Amino acid sequence: MSNRISMFTLSWRSDSDALAEYRPRIGALISSLGSVLLLPFIAVHVVQGRLGLAAMFSAAAFILLLNVWAINKRQRPFIPFGPVVSGLAVAVCTSVWVQGHNGLFWAYPVLFIGFFILPRRWANITGFGLLIGVSLVTWQSIGLALATRVSTTLFLNFVMINLVLNVLDHLHDTLVRQAILDPLTGVYNRRHFQKQLDAAVGRQGSSEDALLIFDIDHFKRINDAYGHDIGDHVLRELVHIALSFARPGDDLFRLGGEEFAILLYDTPPETALELAHSLRSRIEAARLLPNQGIAVTVSVGIASSRSEMRAEAWFKEADLALYEAKHRGRNCVVTYENLNAPAASTVVSQPERIAS
């Protein structure tokens, strides 16, 4: 993501929203506060004999409390927040038309509320609608001079809210990337691997996935013989090959050191085995050591998902297959389903020894 903070490139994006995770709780808090703040107005309308308005305010407070109850029960709000904020915007415009200056005070908190409880795209739409509506009503009911001031200050608030939220989105995206990406290779790290593995297990029954774990053979010898800078170069080049090999939708992870994993979604075992052989041969043919004619090779273990399988068991099966590939001489592919097959059926070729 670009480091430049631009209101119009970030404000309308639906996939970058730092508040998304907290929005239900914010909505519940604002709903609770709103229902309490409506009580004095209900009492005033009752005392002054405006029972119709008192009933309307009471209904609004009751709906807000229903929303709080639903959110606390982890259910959808009784009335979605989009219609709630739209209704508040209409109420502000009506209040300005009926009460004049006093109604203008409500425009600013409603603008803020929209940005905190609605997705950014809808908050911008309702906020812009509020700005236009209040400005027009103020012009018609009070005068052009005040309408100009109100529209200017509302627009300034609109812009500043967007800029602050853009900064929050940028910081959020940066922190997320740092939390899920490996700093050396740029691929997903082990923390994100566990999350994606759990998600894949949760989809069992709707798709057939395969887990492919591969490890660079004799990587310690590479570091010892050529230095850690060359070892880092090998890791980055291997990732480049693996990314070019991976299909759209597949996920590549660095589990640690020289060990990597690929989640192959919607992939039957036969296809996973073919892809693993292709990856192994590409890496061996690439000659990843600079100015050296020695091949860098990998050992690969594969395990396919099964119904009601736990993530830990799935990873363990792929890891056992990888261990067997190492035991059979390295530079080969082994599937968990064929752990007991003869070694000759899975060993593809033997690596040339790296000088120690």
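It should be emphasised that the depicted structure is a prediction, and the values quoted were computed from it without experimental measurement. Atoms considered below: every heavy atom in the structure, side chains included; atoms not considered: hydrogens, waters and symmetry mates.
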Report the C-alpha distance between L29 and L33 in whole Å, list the side-chain angles of each, state the deciding distance to 0.1 Å, and finish with yes or no for side-chain contact (heavy atoms from CB on, under 4.5 Å).
CA-CA 6 Å; L29 177 61; L33 183 61; 5.6 Å; no
For the hydrophobic clusters of this structure (ILVMFWY residues joined by side-chain heavy atoms under 4.5 Å, transitively), does one cluster hold both [X] and [Y]?
X	Y	answer
V150	F105	no
L144	L136	yes
F112	F128	yes
L65	I63	no
F155	I142	yes

Would Y22 and F116 count as a close aromatic pair, with their ring centres under 6.0 Å?
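When the ring centroids of Y22 and F116 are compared, they turn out to be at least 6.0 Å apart.
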Neighbour count above 12 (heavy atom, 6.0 Å) for [X] [atom1]:
X	atom1	value
F41	CZ	no
R76	CZ	no
Y323	OH	no
R236	CZ	yes
Y108	OH	yes

Return the minimal non-hydrogen interatomic distance between [X] and [Y], and the atom names on each side.
X	Y	value
S304	E337	N-OE2, 3.6 Å
N223	G231	OD1-CA, 3.3 Å
F214	A242	CZ-CB, 4.4 Å
A318	I213	CB-CD1, 3.6 Å
Q196	Y265	NE2-OH, 3.7 Å
G133	C93	C-SG, 3.7 Å

Just verifying a value: how many Å separate [X] [atom1] and [Y] [atom2], rounded to the nearest 0.5 Å?
X	Y	atom1	atom2	result
L104	S95	CG	OG	8.0 Å
E208	S307	CD	OG	11.5 Å
L165	M160	CG	CE	11.0 Å
H240	T185	NE2	OG1	13.5 Å
I230	I222	CD1	CD1	10.0 Å
N331	S281	CG	OG	9.5 Å

Side-chain donor/acceptor of [X] to backbone N/O of [Y], under 3.5 Å:
X	Y	answer
D169	H172	no
D182	Y188	no
S278	E274	no
T152	T148	yes
R282	A285	no
T138	V134	yes
D250	R247	yes
S305	A210	no
N67	A28	no
N162	F158	yes

With D217, which of R328, R280, K326 fulfils salt bridge (Lys or Arg N to Asp or Glu O under 4.0 Å)?
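Of the listed residues R328, R280, K326, the salt bridge (Lys or Arg N to Asp or Glu O under 4.0 Å) partner of D217 is K326.
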F193 and its ring-ring contact (aromatic ring centres under 6.0 Å, His included) partner, picked from F315, F260, W314
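Considering F315, F260, W314, a ring-ring contact (aromatic ring centres under 6.0 Å, His included) with F193 is found only for F315.
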Taking the side chain as C-beta and beyond, is there a heavy-atom pair between [X] and [Y] under 4.5 Å?
X	Y	value
N72	V68	yes
E259	L322	yes
I302	L264	no
L184	R254	yes
V334	N338	no
D173	H170	no
L238	V298	yes
L279	V333	no

Determine, stepwise, if the pair F81 / S31 fulfils side-chain contact (heavy atoms from CB on, under 4.5 Å).
CA-CA 10 Å; F81 287 123; S31 297; 3.7 Å; yes
The test is side-chain contact (heavy atoms from CB on, under 4.5 Å); show your working for E317 and R306 and say whether it passes.
CA-CA 11 Å; E317 290 184 0; R306 299 191 303 276; 2.8 Å; yes
Apply the test side-chain contact (heavy atoms from CB on, under 4.5 Å) to residues I262 and L275: give CA-CA distance (whole Å), side-chain angles for both, the deciding distance (0.1 Å), then the verdict.
CA-CA 11 Å; I262 301 179; L275 292 172; over 6 Å; no
